[in-house]
Structure formats: C-alpha cells, structure tokens
Asker: 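Got a structure for you, questions after.
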Amino acid sequence: MRHDARSRRDTFVAPRLVPWLVDALVPVNRWLCLAGTPGLRDVPGLRRVPGFAGLCDVREVRIDVDEEDRLAALVSGGDAVFLAPVHPEFFTDWMLDKELSARCAPRMLAWATHDIVNGTGRIAQKFWLANGLVAQIPGAAGAAGKAASVDSVIAGRPVLLHPEGQVGWHAHHVAPLYGGVAEMALEAASRAASAGRGQRVWIAPVAWKLAFVRDVDTGLHREADRIERTLKLVSTRGRRADPAGRMAAIHADLLLRESIREGFDPRADDGRGGTSHLAETAN
C-alpha cells in the first residue's frame, strides 16, 4: 500500500482541466480562502471560523487596471506565455494566483508540488488534475511535467509556476530564483521556431506583497509571546519594541541556544578583538 502511494506520488499524470469545476471554485476561493464575510469577519470568535473570516484574511486585491489589461491581452493573444509569480509567500500565494487567473487566464495550467497533486490520495489527485495542476516531481520524472507545460503554452494555454528558490515570508525581497521557467521558455521558443509558426514566447513576472490595513502590533506581540513560551526562550519584549525586531531576536536567541548545545559558542572572541554579530543580536 505504501509502495503504491509512493509510486503514484512520483508518477506524472497529465492534468485534465474541467472548466466548470475551475469556474465554480472562483467564488469559493474569494470567500472561504481570501476575504470572508463582510460584517462577520471581524466579530470576536467568528473571525477565527473559516467562512466568516477568510483563511488568508485578504480584504482587498489591488491590481493596477493597466497592468491587469496588459496581462489579459498577453495571455489571450495566441503567444506562448509562462506566468512567473515571484512573491515570497506560502498558501496565500496560491489563493491570490487563483484570483489572478480568474481575472486574466481562467484556463491556465499551474505547477504545484507532487506531494499535493499526487500524494494526497487518488480522489484528491483527480481533483487537483481537474483544476489544471501540474505535479512538480523531483529528478528525471519531472521532465514529463516540463514537456506538458511546453505543449500547453505552444497550444496557447498559459502555464503558471513559481520561480522563487526559497519561500521566506519577507515582503521586500525575493530569494534567488530557480531557472525552470526560463528553461521551458527556451524550449518553447525552439519548438515554435522549428515549426515556423512565428509564435513569440513570453515570461510574464508577477510580483505582489501583503500590506496590513489596520494596526496588528498587539496580535503580533501576542504571537511572539506564544512562540517564546513554546520554545522556552527568555522574553524579548524588554529588548525589542517592534514585532519585526522581536522575531529577529527570537531567531538569534534560538540559534545561539542550539549552537551552544552543539558545542559552539558564537559569543566567543572572533579573533579580531570583537564578538560575532549573532551574539550582538541575541544580547
């Protein structure tokens, strides 16, 4: 049984997009995953219940009208288009990409990890494939997904994949990128040229970030308190007034503790008459 599940996870199956299902999930995503129910999503208690408050608590998606029109024109012009989001987030990224696709490219294919597409059971696999997901399978098995993606864009159906190398939850910085999207675009361009079709190939980067619409310092401090209690760390409240500073100090304190546990004390003299930056941050 385990072998069968592992084999299914690592075996590529081409997506079989079902338009009515894709369309039906658009309002579900907007309500359940993103925004929640106006008037009820801020009621204490209810705002923790999915359906009243969206799982992502995204109240508004602002896309410049001109940019949205440009993207819509690009994906509907018959060219081969890869959409490449470079937002450093997790989960919320998929929900916002779903909203973007609903507005501009509702029949696009989109990459997702094979653990999700293939690794959550046969019924779930059929559901994900019907939503147009391409399983990202590590190693040689991933070639089939790349080939299917190139086929899709050559046929005029855009493909979305995330090129960021590491998801780090840092709103003003994108980590070093993987090159898969460029590799597939080059392959698509080569095939289009060989066929003499004159089809252009585009990589359309999509960048967004989250912004708070209200003061959330109290809640963030509460979360920082909980993390410190769980990890049995000394409270950083007295050292750092802002939540971002507290999180940096928590990471430094945790790294310092684990380093000492492994027999390395970064607070020791660095050989140049000073101490490590970690020790300065942690203290």
Side-chain angles (χ1 to χ4, degrees), residues 1-26 28-29 32-33 55 75 79-85 89-102 104-165 167 177-192 194-195 199 201-204 206:
M1 194 68 160
R2 291 181 180 176
H3 176 75
D4 179 65
R6 188 180 302 113
S7 176
R8 181 173 60 248
R9 188 191 66 169
D10 296 331
T11 301
F12 179 76
V13 179
R16 296 183 287 270
L17 191 144
V18 178
W20 70 262
L21 178 61
V22 173
D23 294 341
L25 289 176
V26 172
V28 174
N29 177 58
L32 180 62
C33 296
L55 296 174
V75 299
D79 286 335
V81 181
F82 290 95
L83 299 176
E89 241 286 18
F90 184 70
F91 183 73
T92 311
D93 58 358
W94 260 115
M95 304 306 109
L96 289 172
D97 290 338
K98 175 69 175 176
E99 174 64 20
L100 183 68
S101 70
C104 300
R107 300 295 177 259
M108 75 175 187
L109 301 184
W111 278 52
T113 174
H114 67 315
D115 290 325
I116 296 296
V117 181
N118 296 339
T120 50
R122 293 186 182 278
I123 295 177
Q125 183 189 43
K126 291 181 179 180
F127 173 80
W128 296 125
L129 294 175
N131 274 280
L133 293 193
V134 178
Q136 179 186 9
I137 303 174
K146 292 181 179 179
S149 298
V150 173
D151 288 342
S152 179
V153 297
I154 289 293
R157 174 181 291 167
V159 171
L160 178 146
L161 65 155
H162 294 246
E164 68 258 24
V167 178
L177 306 180
Y178 290 133
V181 63
E183 293 171 7
M184 282 182 263
L186 289 172
E187 174 63 23
S190 176
R191 284 182 48 182
S194 298
Q199 187 181 37
V201 180
W202 300 92
I203 298 175
V206 179

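Counting from 1, the numbers follow the sequence of the chain as shown. Everything quoted here is computed from the prediction, not taken from an experiment. Heavy atoms only: backbone and side chains are in, while hydrogens, waters and symmetry mates are out.
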Asker: Taking the side chain as every heavy atom from C-beta outward, state whether Leu96 and Leu100 have any pair of such atoms under 4.5 Å apart.
Answerer: no
Asker: Say you draw a straight line from OG1 of Thr120 to CZ of Arg8; how long is it, rounded to the nearest 0.5 Å?
Answerer: 8.5 Å
Asker: Answer yes or no: is there a side-chain heavy-atom contact under 4.5 Å between Trp94 and Ile116?
Answerer: no
Asker: Considering only heavy atoms from C-beta outward, does the side chain of Arg191 approach that of Val150 to under 4.5 Å?
Answerer: yes
Asker: Mind checking whether Val117 and Leu129 have side chains closer than 4.5 Å, heavy atoms only?
Answerer: yes
Asker: One pair to check against side chain to side chain contact (heavy atoms under 4.5 Å, CB included): Trp128 and Val13. What are the steps and the verdict?
Answerer: CA-CA 11 Å; Trp128 296 125; Val13 179; over 6 Å; no
Asker: Closest heavy-atom contact between Pro158 and Ser152?
Answerer: O-OG, 4.2 Å
Asker: Which heavy atom in Phe82 sits nearest to a heavy atom in Ala188, and how many Å separate them?
Answerer: CE1-CB, 4.3 Å
Asker: Got Val134 and Ser149 here, is their nearest side-chain heavy-atom distance under 4.5 Å?
Answerer: yes
Asker: Below 4.5 Å, heavy atoms only, C-beta onward: do Asp97 and Leu83 meet side chain to side chain?
Answerer: no
Asker: Nearest heavy-atom pair of Ala204 and Val81: which atoms, and what distance?
Answerer: CB-CG1, 4.4 Å
Asker: Applying side chain to side chain contact (heavy atoms under 4.5 Å, CB included), run through Met184 and Leu161 and close with a yes or a no.
Answerer: CA-CA 11 Å; Met184 282 182 263; Leu161 65 155; 3.5 Å; yes
Asker: Test your reading of the model: is there a side-chain donor-acceptor pair from Ser190 to the backbone of Leu186, 3.5 Å cut-off?
Answerer: no
Asker: Quick test of your reading of the model: are Glu183 and Lys146 salt-bridged, counting only N-O distances below 4.0 Å?
Answerer: yes
Asker: Write down the atom of Gln199, the atom of Ile154, and the distance for their closest heavy-atom approach.
Answerer: NE2-O, 3.1 Å
Asker: As an exercise, state the distance from OG1 of Thr113 to CZ of Arg9, rounded to the nearest 0.5 Å.
Answerer: 8.5 Å
Asker: If we ignore hydrogens and angles and just use 3.5 Å, is the side chain of Arg157 paired with the main-chain N or O of Arg107 as donor and acceptor?
Answerer: yes
Asker: Please report the closest heavy-atom contact between Ser101 and Met108, naming both atoms and the distance.
Answerer: CB-CE, 3.2 Å
Asker: Just wondering, do Asp10 and Asn118 contact through their side chains at under 4.5 Å, heavy atoms?
Answerer: no
Asker: Compare all side-chain heavy atoms of Asn131 with those of Val22 and state whether any distance is below 4.5 angstrom.
Answerer: yes
Asker: Restricting to non-hydrogen atoms, name the atom on Gln136 and the atom on Trp111 that form the minimum distance, rounded to 0.1 Å.
Answerer: CB-CE3, 3.6 Å
